[in-house]
Amino acid sequence: MASTLTKAQRLKNLNDLLSQFSSKVKQNNIKLPKFVKVVEVGPRDGLQNEATLLPAKDKIDLINRLSDSGLRTVETTSFVSPKWVPQMGDNMEVFAGIKKYPNVSYPCLVPNVKGLEQALKVGVKEIAVFGAASESFTQKNINCSIAESLERFRAVIEEAKKHNLLVRGYVSTVMGCPYQGDVDPEKVAEVSKILYDMGCYEISLGDTIGIGTPEKTDKMLTAVKKQVPVDKLAAHFHDTFDKAISNILVALEHGVSVVDSSIAGLGGCPYAKKQAGNVCTENVVYTLQTLGIETGVDLLKLKQIGSDITTKLKRDNMCLLE
Ligand SMILES: CC(C)(COP(=O)([O-])OP(=O)([O-])OC[C@H]1O[C@@H](n2cnc3c(N)ncnc32)[C@H](O)[C@@H]1OP(=O)([O-])[O-])[C@@H](O)C(=O)NCCC(=O)NCCSC(=O)C[C@@](C)(O)CC(=O)[O-]
């Protein structure tokens, strides 16, 4: 859902928001994280929703350039059924083709043991299982109930650990579901805890359709933090209604120090139709830098990558910076 405001107006709004937030932090002596890990999800979450199939060589080039920008995690692809998500059908070729930068992790989504077996064949070292706090979304996304999905993940995680793989856990629809509407923060907390207890080293909280607000973010994180330590949580917010950055600021106040984002704001979800993409990485890095939070990322490089990939895909670039 495109904003009706111009980019210049949106940048001004962002700068106003950051200046108000900085004053609040100062006045209330709020401790923000000194360093935030930015998890780039564009090559997977971004591209999975693009109608035009991007050739594997272009995905490989995108991932290599992102790895060279200082990002420490670049989600690479997913080992899901190509009938369900055709854009990820070249998963093995893409993973095998990328340069593996020594300081960069390349997690890949895996829904079941079949996906894990494929991932292991090409030497994947980190996987992500992906559940949700909504029954209907789980059914539409991975064709099973929440309980069944968790049993599948248990098997995947046990097998992954035998191969010394790191496992990240996603929980989708943490602030609302495209099919069933409201989602109880306690349900988000429950699914997060189960995945954490199963051995996920980090739980990424997905506002899949971008309907979060600062108030909802606060309630959701208050519930989840009672079950999972805050340093094991990541914010994975979509920007449908231009609220992702405001919600990220709330997450930072809560002590969350991992933020997922997508280069140029590519993305969405094939099972949450007509929603805008993930929050844009360039805007997130700009936000963090403005607040004096380190990311280790070269913003100029990111801007060039975002410009090149959106030109190639002939789609809007959500980066607000000139
Ligand atoms: C999970 C399944 C596979 C269940 O799909 P199913 O149809 O219930 O599975 P099945 O076990 O009955 O198998 C059906 C066919 O798929 C094959 N198959 C089975 N598993 C695999 C696999 N791993 N890789 C490749 N092929 C597979 C299997 O071999 C069989 O092939 P056939 O005999 O018909 O030729 C399916 O529903 C699926 O692939 N879903 C994909 C969902 C997806 O990728 N969604 C987007 C990611 S989630 C997301 O974006 C949200 C997130 C993470 O970003 C956070 C947020 O924003 O909220």
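Order of appearance sets the numbers: ligands from 1, and atoms from 1 within every ligand.
- Taking distance alone, with nitrogen or oxygen atoms compared against 3.5 Å, Ser78 stays at or beyond that limit from ligand 1.
- Near Val85, meaning under 4.0 Å from one of its heavy atoms, ligand 1 places the atoms 43 (C), 44 (O).
- The shortest N/O to N/O separation between Thr173 and ligand 1 does not fall below 3.5 Å.
- Among residue pairs with one or both ends in residues 112-133, none qualify as salt bridge (charged side-chain N to carboxylate O under 4.0 Å, His left out); sequence neighbours excluded.
- Between the side chain of Asp207 and the backbone N or O of Gly212 there is at least one donor-acceptor pair closer than 3.5 Å.
- In the vicinity of Gly115, heavy-atom distances shorter than 4.0 Å reach the ligand 1 atoms 23 (N).
- Between His236 and the choices Val259, Asp45, Leu205, the side chain to side chain contact (heavy atoms under 4.5 Å, CB included) rule is met once, by Asp45.
- No side-chain heavy atom of Phe137 sits less than 4.5 Å from a side-chain heavy atom of Val183.
- Considering both main-chain and side-chain atoms, Val80 comes within under 3.5 Å of ligand 1 through a nitrogen or oxygen pair.
- Summarising the geometry of Val25 relative to Leu32, their closest heavy-atom pair is CG2-CD1, 3.9 Å, with the distance given to 0.1 Å.
- With a 4.0 Å cut-off on non-hydrogen atoms, Arg44 touches ligand 1 through its side chain and not its backbone.
- Taking only nitrogen or oxygen atoms, main chain and side chain alike, Ser81 reaches within less than 3.5 Å of ligand 1.
- Remark: ligand 1 and Val171 share no N or O pair separated by less than 3.5 Å (distance only, no angle test).
- Salt-bridge annotation for Asp308 and Lys312: absent, with no side-chain N of the basic residue lying under 4.0 Å from a carboxylate O of the acidic one.
- In this structure the side chain of Leu71 never reaches within 4.5 angstrom of the side chain of Val104, judged on heavy atoms.
- Remark: ligand 1 atoms within the under-4.0 Å shell around heavy atoms of Asn112 are 3 (C), 19 (C), 20 (N), 21 (C), 22 (C), 23 (N).
- Distances shorter than 4.0 angstrom do not occur between any heavy atom of Met88 and any atom of ligand 1.
- Counting heavy atoms closer than 4.0 Å to ligand 1, residue Asp45 contributes side-chain atoms (C-beta onward) but none from N, CA, C or O.
- Taking the six-membered ring for Trp and thresholds of 30 and 60 degrees, Phe130 and Phe153 have ring planes inclined between 30 and 60 degrees apart.
- Atoms of ligand 1 found under 4.0 Å from any heavy atom of His236 (numbered from 1 in listed order, with element): 54 (O), 55 (C), 56 (C), 57 (O).
- Under a 4.0 Å criterion applied to the non-hydrogen atoms of Lys83, ligand 1 contributes the atoms 32 (P), 34 (O), 35 (O).
- Considering both main-chain and side-chain atoms, His238 comes within under 3.5 Å of ligand 1 through a nitrogen or oxygen pair.
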Show every donor-acceptor pair shorter than 3.5 Å between a side-chain atom in residues 51-59 and any protein atom, with sequence neighbours excluded, or say none if there are none.
from	atom 1	to	atom 2	distance (Å)
Lys59	NZ	Gln87	O	2.5
Lys59	NZ	Gln87	OE1	3.1
Lys59	NZ	Asp90	OD1	3.0
Lys59	NZ	Asp90	OD2	2.8

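- Inclusion of Phe79 in the set of residues having an N or O under 3.5 Å from an N or O of ligand 1 is warranted.
- An N or O contact shorter than 3.5 Å links Ser172 to ligand 1 by distance.
- Residue Asn143 approaches ligand 1 through these ligand atoms, each under 4.0 Å from one of its heavy atoms: 6 (P), 7 (O), 8 (O).
- Within the 4.0 Å heavy-atom cutoff, Gln118 does not count among the residues contacting ligand 1.
- Among the candidates Ile98, Asp68, Thr77, the single residue satisfying the side chain to side chain contact (heavy atoms under 4.5 Å, CB included) test with Ile63 is Ile98.
- Remark: the Thr281 side chain and the Glu40 side chain contain an N/O donor-acceptor pair separated by less than 3.5 Å.
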